[in-house]
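See below for the structure under consideration.
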Amino acid sequence: MDFLAGLNPQQREAVEYAQGPLLILAGAGSGKTRVITHRIAHLIHAHGVAPSAIVAVTFTNKAAGEMRDRVSAMLAGRYPLEGLTLSTFHSFCVRLLRRDGQALAQLRPGFTRSFTIYDEDDQLALVKAVYRHQGLDEKQFLQYRAALSRISHAKNLKQTPDDLAKDAKDPRTTRLAAVFEQYEARLRQANVLDFDDLLLEAVRLLQHHEPTRQAYNRRIQYLLIDEYQDTNRCQYELMRLLSESHRNVCAVGDEDQSIYSWRGADIRNILDFEADYPDARTIRLEENYRSTKNILECASALVAHNKERKGKWLWTGAPAGSRVGLYEAYDGGEEALFIADTIGRLVKAPADRVGILYRTHAQSRQIEEALRRYGRQYHVVGGFSFYQRAEVKDLLAYLKVIVAPQDSISLLRIINTPVRGIGKTTLEQVERYALQHELSVWAAIGRMLDEELFPARAETALGAFRKLIEEFLEAAKDSRLDGLLRLILERTGYLKMLEGEDTPEAEARAENLKELVRASAEALERGEGISEFLDHAALVSEADTLDERAQISLLTLHNAKGLEFPIVFMAGLEEGLFPHSRSLESKSALEEERRLCYVGMTRAQKRLILTWAQERRRWGGGLPEPSDPSRFLKEIPREFTEDLGKKKRFRQVDLYAERHEARDTARRKAYTGKTYNSLENITEFFASRGAAKPAPSSPPRVAAPAGKKKFAIGSMVEHPRYGKGMIIRREGEGESAKLTVSFPGYGLKKLLEKYAGLKAQE
DNA sequence: TGATTGTTTGCTCCA
DNA sequence: CAAACAATCA
C-alpha cells in the first residue's frame with residue numbers, strides 16, 4: 001500500500017509531514033480532500049498511529065462522511081476505523097459534552113449531560129418570550145432577529161450580559177444586555193444549549209477542567225482541521241486546547257474562500273497561523289485539477305481584486321475549454337427560463353451534473369418554476385428540509401419536553417398541538433403565574449392545578465394535558481424510542497388529526513411523521529438514546545441534504561462550498577443582490593462577497609455561465625426595480641468570456657415559454673411555494689450516520705410533497721394514447737373518481753381515474 | 001376557544 | 001408572494 005503514489009510533490013509533502021504544526025494553503029480544486037484522506041491513511045498505515053488518536057473536523061457532516069468512506073476504502077478493512085473521529089466542530093463538541101460534560105455543572109449550575117439543543121426557531125421563540133416578560137416591543141426596540149444576532153455575536157466574543165451592560169454606550173444596549181441576561185438564565189433553567197453554547201461550553205470545560213483537558217490531550221495525537229479559514233474564535237481556542245501537548249495540528253484552508261465572517265469566522269485565524277506557531281511548516285497547493293483554464297483565469301482575476309489575502313495564483317494543465325458564458329436577461333423570470341432552456345441544450349449525459357447557484361434562497365422560486373415548466377427534475381439543497389417541517393418539529397418538541405419538562409419553549413410549542421382546548425387566555429394566565437413565582441410553565445401548571453386556580457373548562461383541558469405528559473414521562477423510562485414516538489402520535493391524536501384533514505398535504509405530513517418513527521427505530525439499533533436522536537436533528541446542515549444523484553441541484557453559494565459540478569450557473573449577478581446590498585457599505589464585507597463569487601466560480605469543472613437581469617421584483621407583487629450588472633462581472637477579463645446575448649436568446653426562450661403558457665398558469669395554482677427534499681434521501685442520511693455506507697442509489701425524485709397517486713387539479717399527466725394533458729376537473733371519490741383532462745390536439749376527455757392509466761408528468 | 005379573514009411585513013448567508 | 005400576526009366572528 002502506497003498512499004503517496006499519484007500525488008504531486010506538494011501534496012506528497014503535506015501527506016508525509018507528520019510532526020509539528022502544519023498549514024496547508026489549499027487553493028480551490030487543488031486536491032485538498034485527497035490530501036486529508038491520504039494523510040489520515042498514511043498516518044495509520046505508515047506511522048502506526050491508532051485511528052482513535054486522530055481527530056479530523058470538517059465543515060459538514062456530509063463532508064465528514066465522505067472522507068470516512070474514502071479512508072476506509074483506502075485501508076480496505078485492514079484497520080478498524082471505529083475510533084477515528086471525523087465530524088464537524090459542533091458534533092464533536094456535543095459528543096464531548098455528552099460523554100465528559102459532568103464537570104461542567106460546576107461552571108454552569110444546573111447543567112447535566114442530558115441537555116437539549118435549541119435551534120434558531122427555538123431561540124427566536126425564547127427571545128420573544130423574554131420581550132414579553134420585559135414589556136418590550138419589537139417595533140420600538142429591536143427586531144427579534146437583530147437582538148438574537150447581537151446576543152450571538154456577544155457570545156462568540158465570550159462576553160457575558162454583564163460585560164455587555166458595562167460597555168454599553170447607549171440605553172438600548174443596556175436594555176439588550178437585560179434581554180441577554182434573561183435569555184441566558186432561561187437556557188440554563190431549562191438545561192438547554194444554543195448553537196453558540198455547544199462550542200463555548202466545550203471550550204470552557206477544557207479550559208477550566210484540568211482532568212478532562214489532559215484526558216483529551218492524551219488521546220489525541222493528531223488534529224486535522226478542514227476549512228480553517230472559516231473557524232471562529234471558539235473553534236480556534238478549541239484547536240489550541242486539544243493540541244496543547246502534541247502540537248500536531250494540521251490546518252487546511254484557503255483565505256480566498258473565507259465566507260462566514262458574519263457567523264463569527266475570523267480570517268485572522270488563517271492569516272496569523274504562522275505567528276501562532278512560529279515553527280509551523282506551510283505548504284501551498286496551487287495546482288488546480290478541477291476547472292478548465294478559462295474558468296480558472298476568470299476566477300483568479302476576480303479574487304485578485306481583494307486586498308486582504310496572502311496572494312497566490314492557481315494554475316492548471318487543463319485545456320482552455322469553453323469560455324465563461326455571460327447572459328443578460330430581461331428580468332428574473334426570463335433569466336430562469338434561459339437557465340432551464342440552456343440546461344436542455346448543454347446536458348448530454350447523466351454525468352453532466354448541473355449546479356445552479358444563487359446568493360439568496362428567495363431566488364430559487366423562479367428557477368424552480370422554470371425548471372418545472374421545462375419538465376426537468378431538480379433538487380433543492382437545504383430549502384425546506386425535513387427537520388424544519390412543523391410536524392417533525394412538533395414531535396421532536398414532545399421528545400424535548402419528555403427529556404426536560406421545564407423547557408417552556410418546547411412545552412408551549414406543543415401544549416395545544418393538536419388543539420386540545422388550551423387557548424390564548426389560559427396560556428396568558430399560566431405564563432403570568434410562572435413569571436410571578438419564577439417557575440417553568442410545566443411547574444406552574446402543576447401548582448395551579450393543585451391549587452385549583454383555573455375555570456372549569458381550562459382545568460379539564462390542562463388536567464388532561466398534565467396526565468398525558470406524565471404518561472409519556474413514565475413510558476420514556478422503559479419503552480423503546482420508536483415505541484415512545486408511536487405512543488405520542490397515538491395518544492395525542494396527532495395522526496388522527498392529519499387523517500381527518502384528508503388532504504394530500506396532510507397525508508404528506510403524516511408520512512413524514514412515520515418516517516421519523518422509522519428513523520428512531522434505526523437510531524435505536526445503533527444504540528442511540530433520545531438525546532442522541534435529538535442531537536442528530538439539531539445538527540443536520542442544509543448542505544447535508546445534497547443528493548449527488550440529482551442531475552440538477554439548486555443551492556446557495558454558501559452551500560456550494562466544497563462541492564463541484566461539471567456545469568455551473570450563477571444567477572443574479574447584480575449590484576445589490578450580489579454583492580448583496582447589506583455588504584455595499586463595508587470594504588471587508590465587499591471582499592467577502594467577492595470571495596463568495598470566487599467560491600461559486602471555482603465549483604465549475606467544464607462550463608460556467610453567469611447571468612444577471614436588467615430588472616427584478618423584490619417581492620411578488622411589487623414593482624420591478626431596474627438593476628445594474630454586478631461589479632464582479634466587470635472584474636472578469638473579457639478575453640476568457642463569451643457573450644450569450646440577450647434579445648435574440650430572449651425571443652427564443654419566450655416562444656418556447658408561450659407554448660407552455662397554459663401549463664404554467666395551472667402549475668402556479670398547484671404550486672405551494674415549498675419544496676421538499678425527498679424522503680429517501682433523509683432515510684439514507686440517517687442510515688449513513690451510524691454505518692458509513694449510504695444505501696444503494698435509486699433515481700432522484702422530483703422534489704414535491706409526497707402523497708399517494710391522486711392527481712391534483714392543474715397537474716400534468718401522460719396518457720398512453722393522448723399523450724400529455726392537464727387535469728381540469730375531478731368528480732367522485734376513490735374507485736369511481738372521474739377526471740376531466742385537457743389533451744392538446746384532442747380536447748377535453750373524461751376518464752375514470754382507475755382505468756385511464758395516467759402517469760404523473762413532472 | 002378556535003376558525004376564518006384581514007393586514008402587515010419581510011430577503012442575506014448557516015451549524 | 002406567503003408566512004406571521006392581529007382582529008373578528010361564531
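Because the structure is predicted, anything quoted here is derived from the model rather than measured. A, B, ... follow the sequence lines: proteins, then strands. Residue 1 opens every chain.
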Whole angstrom is fine here: how far is it from [atom1] in [X] over to [atom2] in [N]?
X: A/Arg617; N: C/dA2; atom1: CZ; atom2: C1'; result: 16 Å
X: A/Asn156; N: B/dA15; atom1: CG; atom2: C1'; result: 11 Å
X: A/Leu590; N: B/dT12; atom1: CG; atom2: C1'; result: 14 Å
X: A/Asp226; N: B/dA15; atom1: CG; atom2: P; result: 15 Å
X: A/Ile259; N: B/dA15; atom1: CD1; atom2: P; result: 11 Å
X: A/Arg145; N: B/dT9; atom1: CZ; atom2: P; result: 16 Å

Under 4.0 Å: is that the gap between some side-chain N or O of [X] and OP1 or OP2 of [N]?
X: A/Gln235; N: B/dA15; result: no
X: A/Asn61; N: B/dA15; result: no
X: A/Asn559; N: B/dC14; result: yes
X: A/Thr556; N: B/dC14; result: yes
X: A/Ser541; N: B/dA15; result: yes
X: A/Thr425; N: B/dT1; result: yes

* Asked: CD1/A/Ile259 to CZ/A/Arg595 distance, rounded to the nearest 0.5 angstrom?
  ->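 A/Ile259 CD1 to A/Arg595 CZ: 9.0 Å, rounded to 0.5 Å.
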Of the listed nucleotides ([options]), which one gets closest to any side-chain atom of [X]?
X: A/Val419; options: B/dT1, B/dG2, B/dT12; value: B/dG2
X: A/Lys128; options: B/dC14, C/dC1, C/dC5; value: C/dC5
X: A/Arg365; options: C/dA2, B/dG10, B/dT1; value: C/dA2
X: A/Glu542; options: B/dT12, B/dG2, B/dA15; value: B/dA15
X: A/Arg582; options: B/dC11, B/dC13, B/dC14; value: B/dC11
X: A/His90; options: B/dC11, B/dA15, B/dC13; value: B/dA15

* To do: I would like to know whether A/Leu371 and A/Ile356 meet side-chain contact (heavy atoms from CB on, under 4.5 Å); could you show each step before the answer?
  => CA-CA 11 Å; A/Leu371 289 169; A/Ile356 304 175; 4.2 Å; yes
* Applying side-chain hydrogen bond (donor to acceptor under 3.5 Å, both in side chains) between A/Asp230 and each of A/Gln257, A/Arg263, A/Lys561, report the one that passes. =>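 Only one option passes, and that is A/Lys561.
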* How do A/Ala458 and A/Ala543 order along DNA chain B: which one's closest nucleotide is nearer the 5' end? ->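 The residue mapped nearer the 5' terminus is A/Ala458.
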* Asked: Want to settle it: does A/Arg263 or A/Arg457 sit nearer the 5' end of DNA chain B, counting the closest nucleotide to each?
  ->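 Final value for this comparison: A/Arg457.
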* **A/Tyr260 over B/dC14, stacked by centroid distance under 5.5 Å, angle under 30°** =>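 A/Tyr260 ring does not meet the centre or angle cut-off for B/dC14; no stack.
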* Decide, applying a 5.5 Å centre-distance limit and a 30° plane-angle limit (both strict), whether A/His558 stacks on B/dC13. =>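 According to the criterion (under 5.5 Å, under 30°), no, A/His558 does not stack.
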* Asked: Across the strands shown, which category fits A/Thr426 at heavy-atom distances under 4.0 angstrom: base, sugar-phosphate, nothing?
  ->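 It contacts sugar-phosphate atoms only.
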* To do: Indicate, with a heavy-atom threshold strictly under 4.0 Å, whether A/Glu593 touches base, sugar-phosphate, or nothing.
  =>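 Nothing, no heavy atom under 4.0 Å.
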* Under the 3.5 angstrom rule, does the side chain of A/Asn416 hit a backbone N or O of A/Arg420 as a donor-acceptor pair? ->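 Between the backbone of A/Arg420 and the side chain of A/Asn416 there is a qualifying donor-acceptor contact (under 3.5 Å).
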* Asked: With A/Asp407, which of A/Val192, A/Leu412, A/Asn191 fulfils side chain to side chain contact (heavy atoms under 4.5 Å, CB included)?
  ->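 One option only clears the test, and that one is A/Val192.
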* Asked: Within a strict 4.5 Å, meaning less than it, do heavy atoms of the A/Ile445 and A/Leu411 side chains meet?
  ->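 In contact.
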